J.: 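Following this message is one structure expressed as structure tokens.
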Amino acid sequence: MHKYEEVKPIAESYGIALEVCSDIKLEVQSDRLEDIAVKSAMIIYAISGKPVLVEDAGLFIEALNGFPGPYSSYVYKTIGIKGVLKLLNGVSNRRAYFKSASAIAFHKGVLLATGIVYGQIALEPRGSKGFGFDPIFIPEGAEKTFAEMSVEEKNSISHRAQSVRKVFELFIKSIYE
């Protein structure tokens with residue numbers, strides 16, 4: 001639901017109506033976000049017969065060689081924010097980035113777009129908005145974590161907003177081809 005709340009206003013700005021597809025839940029596993037988004041979208045489209053948007057994102061921490069990356073959801077559920085901060089205890093390099101891959105599967109095939117936002121990991125969680133690792137990620141040029149930003153503020157710079165905008169633009173272009 002958190003992703004839906006972020007993506008819905010972006011979709012509306014493109015004249016696209018989104019619905020949550022709550023009856024189909026699958027977890028495609030891969031080391032690449034792009035593969036996860038594309039394969040998931042293809043499977044759900046094959047089952048539902050309706051155009052589908054799938055977005056997958058990961059937090060890539062430089063000092064941890066890109067961990068947790070595509071395993072961010074699992075890491076969040078198992079060790080959480082406190083566990084990630086514990087892994088970074090005493091580490092001065094706190095550079096990280098969030099990456100998003102968005103795929104739309106429909107009758108013409110699959111479209112894919114990505115977005116990246118660079119930043120750093122905070123020393124402690126801050127903010128109550130957003131979800132996942134938002135309380136510890138501070139985007140470059142910002143003083144707030146994603147969890148301290150409104151949806152509008154986050155959507156102006158986030159990895160998810162970037163990838164979703166790009167894939168919606170590809171989708172709209174493909175409709176008129």
Side-chain angles (χ1 to χ4, degrees), residues 1-22 25 27 32-38 40-41 44-45 50-62 66 68-73 75-77 80-81 84 94-106 110-122 124-176:
M1 284 308 294
H2 293 287
K3 287 184 183 185
Y4 175 77
E5 290 168 6
E6 288 183 14
V7 173
K8 185 177 184 245
I10 298 169
E12 289 172 349
S13 74
Y14 286 92
I16 297 171
L18 290 183
E19 296 176 14
V20 176
C21 181
S22 58
K25 175 70 172 145
E27 284 288 327
R32 291 177 20 93
L33 297 172
E34 295 88 346
D35 294 341
I36 296 167
V38 167
S40 298
I44 297 169
Y45 176 69
K50 296 179 182 178
V52 63
L53 166 70
V54 172
E55 186 275 343
D56 195 46
L59 175 63
F60 295 76
I61 302 171
E62 191 173 291
Y71 309 105
S72 293
S73 178
V75 170
Y76 181 77
K77 291 174 190 170
I81 289 172
V84 169
R94 302 183 80 79
R95 290 188 300 253
Y97 64 90
F98 261 124
K99 182 176 181 181
S100 166
S102 292
I104 294 179
F106 65 122
V110 182
L111 303 169
L112 174 69
T114 60
I116 294 177
V117 62
Y118 294 93
Q120 64 179 334
I121 303 299
E124 60 186 19
R126 298 191 334 234
S128 59
K129 300 172 189 154
F131 62 102
F133 291 113
D134 286 358
I136 60 170
F137 185 78
I138 305 167
E140 271 183 7
E143 294 183 17
K144 296 178 180 180
T145 65
F146 272 161
E148 294 174 301
M149 296 180 183
S150 67
V151 170
E152 295 78 19
E153 285 177 292
K154 184 178 176 187
N155 277 348
S156 72
I157 58 172
S158 83
H159 53 298
R160 180 170 299 109
Q162 290 174 35
S163 73
V164 168
R165 281 188 187 99
K166 288 177 192 174
V167 83
F168 284 158
E169 288 168 12
L170 292 171
F171 181 65
I172 289 167
K173 182 180 176 188
S174 73
I175 291 171
Y176 296 106

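As a basis for the values below, the full set of heavy atoms in this structure was taken, side chains included, without hydrogen atoms, waters or symmetry mates. In this text, all values refer to a predicted model and were calculated from it rather than measured experimentally.
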J.: In chain order, what residues pass the side-chain contact (heavy atoms from CB on, under 4.5 Å) check against E62, with sequence neighbours excluded?
T.: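 Per chain and number, E62 pairs via side-chain contact (heavy atoms from CB on, under 4.5 Å) with N93, R95.
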J.: Report the distance from atom CD of E6 to atom CD of E152, rounding to the nearest 0.5 Å.
T.: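 Answer rounded to 0.5 Å: 10.5 Å.
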J.: Taking the side chain from S72 and the backbone from G69, do they hold a donor-acceptor pair closer than 3.5 Å?
T.: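 Yes, S72 side chain to G69 backbone: donor-acceptor pair under 3.5 Å.
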J.: Taking the six-membered ring for Trp, are F146 and F98 parallel (under 30°), tilted (30 to 60°) or perpendicular (over 60°)?
T.: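 Aromatic pair F146/F98 classed parallel.
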J.: Is a side-chain N or O of K129 found less than 3.5 angstrom from the main chain of V151, in a donor-acceptor match?
T.: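 No, the answer is negative, given that no donor and acceptor are paired below the 3.5 Å cut-off.
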J.: Taking only residues two or more places apart in sequence, or in another chain, which ones meet K50 in a side-chain contact (heavy atoms from CB on, under 4.5 Å)?
T.: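 With neighbours one apart ignored, the set is S48.
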J.: With sequence neighbours left out, which residue pairs that include part of residues 134-143 fulfil the salt bridge (Lys or Arg N to Asp or Glu O under 4.0 Å) condition?
T.: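 Listed by first then second residue: D134-K154.
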J.: Can you check side-chain contact (heavy atoms from CB on, under 4.5 Å) on V75 and F133, steps first, answer last?
T.: CA-CA 10 Å; V75 170; F133 291 113; 4.1 Å; yes
J.: Determine yes or no for a side-chain-to-main-chain donor-acceptor pair under 3.5 angstrom, with R126 supplying the side chain and A147 the backbone.
T.: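 Flag not set: sc R126 to bb A147 has no pair under 3.5 Å.
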J.: Quick one: side-chain hydrogen bond (donor to acceptor under 3.5 Å, both in side chains) partners of Y118, sequence neighbours excluded?
T.: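 Y118: no side-chain hydrogen bond (donor to acceptor under 3.5 Å, both in side chains) contacts found.
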J.: Roughly how far, to the nearest 0.5 Å, is OG1 of T114 from CZ of R160?
T.: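 Rounded to the nearest 0.5 Å, the CZ-OG1 separation comes out at 13.5 Å.
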J.: Applying salt bridge (charged side-chain N to carboxylate O under 4.0 Å, His left out), name anything that partners D56, two or more places apart in sequence or on another chain.
T.: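 Testing D56 for salt bridge (charged side-chain N to carboxylate O under 4.0 Å, His left out), a comparison that skips the adjacent residues, returns none.
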J.: Calculate, to the nearest 0.5 Å, the distance between atoms CG and NZ belonging to L18 and K3 respectively.
T.: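 One gets 13.0 Å once the value is rounded to the nearest 0.5 Å.
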J.: State which residues pass ring pair (Phe, Tyr, Trp, His ring centres under 6.0 Å) with F106; sequence neighbours excluded, sorted by chain then number.
T.: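 Partners of F106 by the ring pair (Phe, Tyr, Trp, His ring centres under 6.0 Å) criterion, ordered by chain and then number, come out as F171.
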J.: Mind checking salt bridge (charged side-chain N to carboxylate O under 4.0 Å, His left out) for E5 and listing every partner two or more places apart, or none if nothing turns up?
T.: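 E5 satisfies salt bridge (charged side-chain N to carboxylate O under 4.0 Å, His left out) with no other residue.
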J.: Search all heavy atoms of P68 against all heavy atoms of L59 and return the closest pair with its distance.
T.: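 Closest heavy-atom pair between P68 and L59: CD-O, 3.1 Å.
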J.: For the residue pair S100 / E55, report whether a side-chain donor-acceptor contact shorter than 3.5 Å exists.
T.: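 Yes - a donor-acceptor pair under 3.5 Å links their side chains.
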J.: Among residues at least two apart in sequence or on other chains, which ones pass side-chain contact (heavy atoms from CB on, under 4.5 Å) with S73?
T.: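 Checked S73 against side-chain contact (heavy atoms from CB on, under 4.5 Å); matches are K77.
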J.: Who pairs with R32 by side-chain hydrogen bond (donor to acceptor under 3.5 Å, both in side chains), at least two apart in sequence or on another chain?
T.: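 Applying side-chain hydrogen bond (donor to acceptor under 3.5 Å, both in side chains) to R32 gives D35.
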J.: Rounded to the nearest 0.5 Å, what separation is found between the NZ atom of K173 and the CD atom of E169?
T.: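 Atom-to-atom, K173:NZ and E169:CD are 10.5 Å apart.
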J.: Can you measure from CD (E124) to CD1 (I81) and round to the nearest 0.5 angstrom?
T.: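 Interatomic distance, E124 CD to I81 CD1, rounded to 0.5 Å: 12.0 Å.
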J.: Minimum heavy-atom separation for V84 and I136, please, with both atom names.
T.: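 Heavy atoms of V84 and I136 come nearest at CG1-CD1, 4.1 Å.
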J.: With sequence neighbours excluded, tell me which residues meet side-chain hydrogen bond (donor to acceptor under 3.5 Å, both in side chains) with E34.
T.: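 E34 satisfies side-chain hydrogen bond (donor to acceptor under 3.5 Å, both in side chains) with K99 once adjacent residues are dropped.
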J.: Could you point out which residue of Y71, F137, Y97 forms a ring pair (Phe, Tyr, Trp, His ring centres under 6.0 Å) with F60?
T.: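 Single pass found, and it is Y97.
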J.: Quick one: side-chain contact (heavy atoms from CB on, under 4.5 Å) partners of A161, sequence neighbours excluded?
T.: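 Once residues adjacent in sequence are excluded, the partners of A161 under the side-chain contact (heavy atoms from CB on, under 4.5 Å) criterion are I10, N155, S158, R165.
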J.: How many angstroms lie between atom CE of M149 and atom NZ of K144, to the nearest 0.5 angstrom?
T.: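 Going from CE on M149 over to NZ on K144, the span is 7.0 Å.
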J.: According to side-chain hydrogen bond (donor to acceptor under 3.5 Å, both in side chains), who are the partners of Y4, at least two apart in sequence or on a separate chain?
T.: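 In terms of side-chain hydrogen bond (donor to acceptor under 3.5 Å, both in side chains), with neighbours along the sequence ignored, Y4 is linked to no residue.
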